[in-house]
Amino acid sequence: MEARLNMFASPLAGKILRHINSAGKAVTDSTLPAATQELVKIRASQINGCGFCLDMHTKDAAKAGETSLRLNLIAAWREAKVFTDAERAALELTEQGTRIADGSGVTDEAWAKAAEHYDEEQLTALVGLIAVINTYNRLNVITQQPAGDYEPGMFG
């Protein structure tokens with residue numbers, strides 16, 4: 001499989017990606033737990049069918065110590081006992097924030113659950129992360145970026 005566009009060779013793509021990466025760095029440097037960040041990236045990428053991001057974030061999460069059990073159960077997080085209440089709240093917000101086109105938007109209940117577990121800075125980071133990963137998913141799905149070759153840390 002070949003990508004429709006070589007996003008790594010395009011000067012314009014480089015400019016665009018630098019700005020998106022800057023937003024992502026702000027989230028990474030926040031107090032939102034790193035494990036939660038990876039769960040959010042993986043769940044949004046599952047929903048959006050982004051193989052490139054799934055390849056990257058499952059490998060990054062595993063390298064950071066995430067268990068294969070938890071990684072394998074992210075898509076079925078509601079039925080799995082391996083996620084904390086805070087992680088569940090983040091995953092629910094991720095799903096609703098990713099599926100906004102389905103018509104219901106983000107419910108007050110989902111927001112309130114997240115607010116029970118995360119302070120204002122962490123909520124800001126969580127919302128920013130959901131937006132950033134959805135942006136990356138769309139870029140990769142539209143351009144059909146192939147998955148499978150990612151090595152943890154290869155992008156810095």
Side-chain angles (χ1 to χ4, degrees), residues 1-77 80 82-83 86-103 105-106 110 114 118 120-156:
M1 176 177 192
E2 270 207 40
R4 290 174 170 157
L5 286 173
N6 185 343
M7 298 294 283
F8 301 106
S10 165
L12 178 57
K15 288 179 187 177
I16 292 167
L17 295 175
R18 271 193 296 284
H19 289 288
I20 300 168
N21 286 342
S22 291
K25 177 83 166 105
V27 172
T28 299
D29 292 344
S30 75
T31 60
L32 185 66
T36 301
Q37 290 184 40
E38 289 302 329
L39 294 175
V40 165
K41 292 179 217 176
I42 293 165
R43 186 63 190 126
S45 300
Q46 288 172 334
I47 293 166
N48 290 322
C50 183
F52 187 88
C53 288
L54 283 167
D55 183 36
M56 176 186 296
H57 297 298
T58 56
K59 288 175 179 175
D60 284 346
K63 183 169 178 156
E66 190 60 78
T67 68
S68 59
L69 175 64
R70 283 171 43 99
L71 290 172
N72 291 333
L73 289 173
I74 294 169
W77 64 268
V82 297
F83 301 105
E87 290 168 338
R88 290 172 177 284
L91 289 165
E92 181 64 37
L93 195 66
T94 300
E95 287 192 6
Q96 290 188 20
T98 299
R99 293 184 165 135
I100 56 175
D102 292 350
V106 175
Y118 301 103
E120 191 168 313
E121 179 184 324
Q122 291 170 323
L123 286 169
T124 301
L126 185 55
V127 169
L129 178 58
I130 294 165
V132 168
I133 193 59
N134 274 280
T135 299
Y136 269 116
N137 290 165
R138 280 149 179 76
L139 287 169
N140 291 323
V141 169
I142 291 167
T143 61
Q144 294 184 341
Q145 293 300 314
D149 295 333
Y150 178 77
E151 296 292 329
M154 71 186 273
F155 295 126

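Residue numbers count from 1 along this sequence.
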What's the shortest heavy-atom distance between [X] and [Y], and which atoms?
{"X": "Leu39", "Y": "Arg70", "value": "CD1-NH2, 3.6 Å"}
{"X": "Asn140", "Y": "Cys50", "value": "CB-SG, 3.5 Å"}
{"X": "Thr28", "Y": "Gln37", "value": "CA-OE1, 3.5 Å"}
{"X": "Phe83", "Y": "Leu73", "value": "CE1-O, 3.8 Å"}
{"X": "Asp55", "Y": "Gly148", "value": "OD2-N, 2.8 Å"}
{"X": "Gln46", "Y": "Ile74", "value": "OE1-CG2, 3.6 Å"}

#### Entry: Worked check of side-chain contact (heavy atoms from CB on, under 4.5 Å) between Ile16 and Met7
CA-CA 10 Å; Ile16 292 167; Met7 298 294 283; 6.0 Å; no
Look up atom [atom1] in [X] and atom [atom2] in [Y], then write down how far apart they are to the nearest 0.5 Å.
{"X": "Leu17", "Y": "Leu12", "atom1": "CG", "atom2": "CG", "result": "9.0 Å"}
{"X": "Ile20", "Y": "Thr135", "atom1": "CD1", "atom2": "OG1", "result": "6.0 Å"}
{"X": "Arg99", "Y": "Thr94", "atom1": "CZ", "atom2": "OG1", "result": "11.0 Å"}
{"X": "Ile133", "Y": "Ile47", "atom1": "CD1", "atom2": "CD1", "result": "11.5 Å"}
{"X": "Tyr136", "Y": "Asn48", "atom1": "OH", "atom2": "CG", "result": "15.0 Å"}
{"X": "Leu71", "Y": "Ile42", "atom1": "CG", "atom2": "CD1", "result": "5.0 Å"}

#### Entry: Full working for side-chain contact (heavy atoms from CB on, under 4.5 Å) between Thr98 and Asn137
CA-CA 10 Å; Thr98 299; Asn137 290 165; 5.8 Å; no
For [Y], is there any backbone N or O sitting under 3.5 Å from a side-chain donor or acceptor partner on [X]?
{"X": "Gln145", "Y": "Leu5", "result": "yes"}
{"X": "Gln144", "Y": "Arg4", "result": "no"}
{"X": "Tyr118", "Y": "Ala86", "result": "yes"}

### Task
Please list all pairs passing the salt bridge (Lys or Arg N to Asp or Glu O under 4.0 Å) test where one or both residues lie in residues 22-44, with sequence neighbours left out.
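Those involving residues 22-44 are Lys25-Asp29, Glu38-Lys41, Arg43-Glu95.
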### Task
Only pairs at least two apart or in different chains count here, so list each salt bridge (Lys or Arg N to Asp or Glu O under 4.0 Å) that has a residue in residues 126-150.
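Passing the test, one end in residues 126-150: no pairs.
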### Qualifying ring-ring contact (aromatic ring centres under 6.0 Å, His included) pairs, either residue in residues 2-38, two or more places apart
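Checked against ring-ring contact (aromatic ring centres under 6.0 Å, His included) - neighbours excluded - the pairs reaching residues 2-38 are Phe8-Phe155.
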### Query
Who pairs with Val127 by side chain to side chain contact (heavy atoms under 4.5 Å, CB included), at least two apart in sequence or on another chain?
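Per chain and number, Val127 pairs via side chain to side chain contact (heavy atoms under 4.5 Å, CB included) with Trp111.
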### Message
If the condition is side chain to side chain contact (heavy atoms under 4.5 Å, CB included), which residues does Ala125 pass it with, not counting sequence neighbours?
### Response
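Only Val27, Ser30, Leu32 meet the side chain to side chain contact (heavy atoms under 4.5 Å, CB included) criterion with Ala125.
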### Query
What residues form a salt bridge (charged side-chain N to carboxylate O under 4.0 Å, His left out) with Asp60, not counting sequence neighbours?
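Checked Asp60 against salt bridge (charged side-chain N to carboxylate O under 4.0 Å, His left out); zero matches.
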